Every structure is written in C-alpha cells, then in structure tokens.
2 protein chains.
Amino acid sequence: MARYQRVADSIRERIAQGLLSVGDQLPTEPELANEYALSRLTVRRALDVLQAEGLIEKFHGRGSFVRRPPRRVTYVSRCGVQLDQPTDGVEIENYVKPSSVLAEAPVASLMQVEPGTELAEYLYIAMRDREPYGLARIYVPLELSNLLTASTGHVPWGAEICQGLKAAGVRLARISERVVSRLPSQDEAESLNLAAGATVLVIERTAVDDQGRVAEGAHLVMPGDRVEVVFSTALAEPAGR
Amino acid sequence: MARYQRVADSIRERIAQGLLSVGDQLPTEPELANEYALSRLTVRRALDVLQAEGLIEKFHGRGSFVRRPPRRVTYVSRCGVQLDQPTDGVEIENYVKPSSVLAEAPVASLMQVEPGTELAEYLYIAMRDREPYGLARIYVPLELSNLLTASTGHVPWGAEICQGLKAAGVRLARISERVVSRLPSQDEAESLNLAAGATVLVIERTAVDDQGRVAEGAHLVMPGDRVEVVFSTALAEPAGR
DNA sequence: CAGTGGTCTAGACCACGAA
DNA sequence: TCGTGGTCTAGACCACTGT
C-alpha cells in the first residue's frame, strides 16, 4: 500500500480515537511531513484523501481542520421543497429571493413552455450550521404565482406552495422527479462551499396538474455527501380491492 | 489560473475539436510534459482533472485514453430492477447469481427481519459496453423465493420478480426508495472499474405487501456519473374525483 | 509581517501491461 | 523486456489569512 494511504489511515485513526476532535486544527503540512519522515507532497496527498472523504477541511492560509461528520439531510418527495432532518435540533434557515425571469432553454424544457416565456422564479438558499447546503430554484407560471402571493400574502415556502396552488384551484395529478449526481459548476462549488472533487446531487422536479400543464418546476442542487433522497410510492391497487 | 488547469483546458479543447477522438490514446505523460514545457507532475494533475470529469481514462501500464462520453442509464422506480436506456441500441447483459444468505445487520434492517434470518439473495452484475455499470443485490424472504422459482422455472430477473410475487399471491402496497451518493468501497470501486475519486449512487428499495411485510428488498450500486434516477408519482386524488 | 496551504520542478524508482 | 502510469523526494516560490 502506498505511503500516503498509510498516513491517511493513521490520521483517520487519530480522529476515530478522539486524539483529534471536531474543529481541531491538524498539524501543519511541514509538521506532518517531519513527523512521518515523508515529503510534504506525500502528506498532502494523504490530506487530499481525507478531504475527499469529508473527514477534514483545508483552508488556504489557515490550516486543515477536522470536519463535523456530515449529517445527511433528508429530501422527501413531496410538493414544494422539503428538506429536514427532524431530530438533531440544528436550525435550518432559508433565504428566499423571488423574481420573474424569461425561461432559458433548460428551464423552458423543464416547464414545458416556449423559450422566452415569463415565469416566476423563487431562489432559495438553505443554510445550516452557518453553511449553505442547498440551492433551490422553483418556477411557477406567472398567472399561478400571482394567485399564490395574493392568497398567502407573503413569499411562500415549501409546503405552502403546494397548499397555495391547491387553494388557487390547481389539482396536481403527477409529480416527476429526476435525480442526477454530477460535478458542480464553478458557481455551485462556490455557493455551496464545496471541496475540490466533491459532487452535487441535482433533483429536477415537475408537478403536473390535471390539465397536463406544469404547475411547478424545481431545480435543486445539494452537496452529494450531505443529502439522502427518499421516495415512497403507494401502489395503484390498494390492499382492499 | 494554475498551469495544470490550462493544460486541462488545452486537452479538453483538443478533444472537443476532434483532434483526439473516443478511444484514442493520449500522448504519454513525458511527451505532454515536454510539449507543454512543464514537469511531469503538472501534466499528471491536468490528466487527473480530466479523469475526474470522466473525459479520459488512465490505465496503469497502458496509457491514457479518451473516454466514451458517459451515456446515462435511466433507473425507473418500479418493482424489480429496471435499468434501461431504450434508444441507443447498446446491449445490456445481466449475470445473476442466486444464493441464500443469513441477514447481516444492514440487510436485516432493510428487510425488517431479525439479524441471522435466512434470505434468498440474487446478485446481479449488469454489463454494458463490456464494462460493469451496476451491482444489484435483491433479497426476498425464503418462503417467497421458493414460490418464485417454482412459478417461473428459472432465476427471475427484473419485472419477473414483480410478476412472480403477484402470481404467488403477494399484493404489494408500497415501494420506498432511498437514494444516496457516496464514495465506493474498495470492492465496489474494483467491481465497477471506477476511477479514484468517483462516487457511486446507491439505491435502497423495499417493497412492502398489504400485510406490512417486506416482500422484496434491493441494494443497488451504480457509477454516479452514468446513472439518472427517475421517479414518477401519481397523486392520491386522481383528476376524476 | 509570519504562517499556512497551493503550485511547480527535476529527477528517481516502482508496478503494471503487452509483446 | 520495454514503455506506461503510480509514487516519492527535496527544495523552491506563490497566494491567502490573520496579526
């Protein structure tokens, strides 16, 4: 086994044993190189491995630190964004920025409208532990968004969108979701504060009403190592038949 | 911008322009180092970037090659494994290995049985383009698996499991699926022929019958950059009501 | 300013694959 | 056996952070 792997194992062990705790700064790279009698490049590769695993976090100019073990946030398939992990008591804050946009090609395809159609866009940034962990763009046809704001009196969030649509007389017939894992764009990497090599989980969701029109579309980007997605489907033929 | 990034851009450009085509071998690392007047380590880092992007593939002892752009395979939520991308004409082969196992803790939790319970396990390896792209472990309670083999006469695959269960009188009430992205275990990396730093998409699925018992459980592991997962839910209240 | 991680070099040896 | 990528070194300079 390569030496950098052994160093990674050794530091992993130190963390597991509690010799290094969450938030602690690791020895500097020259110190580690000296300690293991290896070149600095070799211990750097070990740290890269640990960073890819999400065990540590490196900051240019500051040092390397033991990371809080990533608690997975659960995304549950439902109308409106739903991100929660109920039992850990950590607050999740959301920042919402509503606006209206002209649909570019990808959004137009998602919403099944002509490119250039005007849509209401809700941009959400979800924070947790003072770190961003999710970007959500939710699109609603303009005529529906007016009904939404009128009925709720403020910018809706999550399940409120669902209820608002219902109150506005929209009957949702089907929700389709597409889940993909990929490398983040540069923007996404910065917004979500992602390490090099990290992936994001992308969920594209459309809610179709009983007229076959797309009533809501969502584009969610989340850090791949901090989310789990749960789908639960009741089958068409219930037990009673 | 760092020099290795510029080299990566340059090679990316060569591929985009068709100077390098799918399957072509790249110049060797010493050649590239010479060509760009950089050290070998620097061009190696450029190649690492391209490999992480899935653009090239490196083979120890053979060379680096332009990779076929990863066609995403679509996993559609359904009973039984369903992996297909209909319109590309590339054959998907499956190798099945049935056996019976004693449930370890994670499997026992998936199937909601006591640890140590005997279960039928079907291990599938899905191949495509002569490369493995999916590992599936499907678990069925032993009494159901006997019914299955009896009714189909051979080892069932995919939708056959669903039909077989139905024929055996099992009424499925709900399917739950959990999707997670993570780094592969060493075994998984080898079986799926994954590059360093690649992630896998894991789907854990359980099908529950109308008695609340788990009739089928599945643990699917797929290369994160070659799958997309699609869920479609008809809502509880159809349009007609 | 001092201390940290990020990039880069020139050279060496090793491990693997194919002929 | 030979050519390939994988690992490693000792040293250098740069870029960022906090004081």
Side-chain angles (χ1 to χ4, degrees), chain A residues 1-11 15 20 23-67 130-131 186 189-190 193-198, chain B residues 1-11 14-15 20 23-67 130-131 184 186 189-190 193-198:
Chain A
M1 180 182 279
R3 296 188 216 184
Y4 73 90
Q5 288 287 5
R6 281 204 287 256
V7 174
D9 290 347
S10 164
I11 298 178
I15 295 174
L20 287 167
D24 285 358
Q25 179 168 6
L26 272 68
T28 68
E29 293 176 357
E31 281 169 0
L32 287 170
N34 187 55
E35 181 180 336
Y36 288 100
L38 292 169
S39 77
R40 192 181 143 215
L41 189 63
T42 304
V43 305
R44 267 183 66 72
R45 296 184 60 184
L47 296 183
D48 287 344
V49 170
L50 298 175
Q51 184 174 43
E53 291 171 2
L55 232 68
I56 68 167
E57 211 166 355
K58 310 209 286 188
F59 298 96
H60 191 176
R62 285 208 285 142
S64 300
F65 299 83
V66 179
R67 198 177 165 202
R130 294 186 185 169
E131 287 182 1
Q186 199 169 340
E190 285 169 13
N193 191 22
L194 297 176
Chain B
M1 179 182 281
R3 295 189 217 183
Y4 74 90
Q5 287 287 4
R6 279 204 288 258
V7 175
D9 289 347
S10 164
I11 298 177
R14 285 204 221 181
I15 295 174
L20 286 167
D24 284 358
Q25 178 168 8
L26 273 67
T28 67
E29 294 176 355
E31 281 169 1
L32 288 170
N34 187 55
E35 181 180 338
Y36 288 100
L38 292 169
S39 76
R40 192 181 143 214
L41 189 62
T42 304
V43 305
R44 268 183 67 72
R45 295 184 60 182
L47 297 183
D48 287 343
V49 170
L50 298 176
Q51 184 173 45
E53 290 171 3
L55 231 70
I56 69 167
E57 212 166 354
K58 310 205 296 188
F59 297 96
H60 192 177
R62 282 209 286 143
S64 299
F65 301 83
V66 179
R67 198 178 165 201
R130 294 185 185 169
E131 287 182 1
Q186 197 168 342
E190 284 169 15
N193 192 21
L194 297 175

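Sequence lines set the chain letters: A, B, ... in the order given, protein chains first and strands last, and positions in each chain run from 1. No experiment lies behind these values; they were computed from the predicted model shown.
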**Message:** Under 4.0 Å, counting only non-hydrogen atoms across every strand here, what does B:Arg44 touch: a base, just sugar-phosphate, or nothing?
**Reply:** base

So which protein N/O to nucleotides 15-19 of chain C N/O distances come out below 3.5 Å?
residue: C:dA15; atom: N3; partner: B:His60; partner atom: NE2; Å: 2.9

**Request:** Starting from the C-alpha separation in whole Å, work towards a yes-or-no answer on side-chain contact (heavy atoms from CB on, under 4.5 Å) for B:Val7 and B:Leu38.
**Result:** CA-CA 10 Å; B:Val7 175; B:Leu38 292 169; 3.5 Å; yes

**Prompt:** So do B:Ile11 and B:Val43 actually touch side chain to side chain, heavy atoms under 4.5 Å?
**Reply:** no

**Item:** side-chain contact (heavy atoms from CB on, under 4.5 Å) evaluation trace for B:Glu53 with B:Val49
**Value:** CA-CA 6 Å; B:Glu53 290 171 3; B:Val49 170; 3.6 Å; yes

**Request:** Supply the atom-to-atom distance A:Ile15 CD1 to A:Leu26 CG, rounded to the nearest 0.5 angstrom.
**Result:** 6.0 Å

**Message:** Within the 4.0 Å heavy-atom criterion, would you say B:Leu38 contacts the bases, only the backbone, or no part of the nucleic acid?
**Reply:** sugar-phosphate

**Message:** side-chain hydrogen bond (donor to acceptor under 3.5 Å, both in side chains) for A:Thr42 and A:Tyr36? Distances and angles first, verdict last.
**Reply:** CA-CA 10 Å; A:Thr42 304; A:Tyr36 288 100; over 6 Å; no

**Asked** On DNA chain D, nearest-nucleotide positions of B:Thr28 versus A:Ala37: which is more 5'?
**Response** B:Thr28

**Asked** Could you give the start and end, 5' to 3', of the contact zone on DNA chain D for chain B, using atoms under 4.0 Å from its heavy atoms?
**Response** D:dG3 to D:dT7

**Request:** List the steps, then state whether side-chain contact (heavy atoms from CB on, under 4.5 Å) holds for B:Lys58 with B:Asp48.
**Result:** CA-CA 9 Å; B:Lys58 310 205 296 188; B:Asp48 287 343; 2.8 Å; yes

**Message:** To the closest 0.5 Å, what do you measure between CD (B:Gln51) and CG (B:Leu47)?
**Reply:** 8.5 Å

**B:Leu20 and B:Ile56: CA distance, side-chain angles, deciding distance, side-chain contact (heavy atoms from CB on, under 4.5 Å) verdict** = CA-CA 11 Å; B:Leu20 286 167; B:Ile56 69 167; over 6 Å; no

**Prompt:** Which residue lies toward the 5' end of DNA chain D, A:Arg40 or A:Ala2, if each is placed at its nearest nucleotide?
**Reply:** A:Ala2

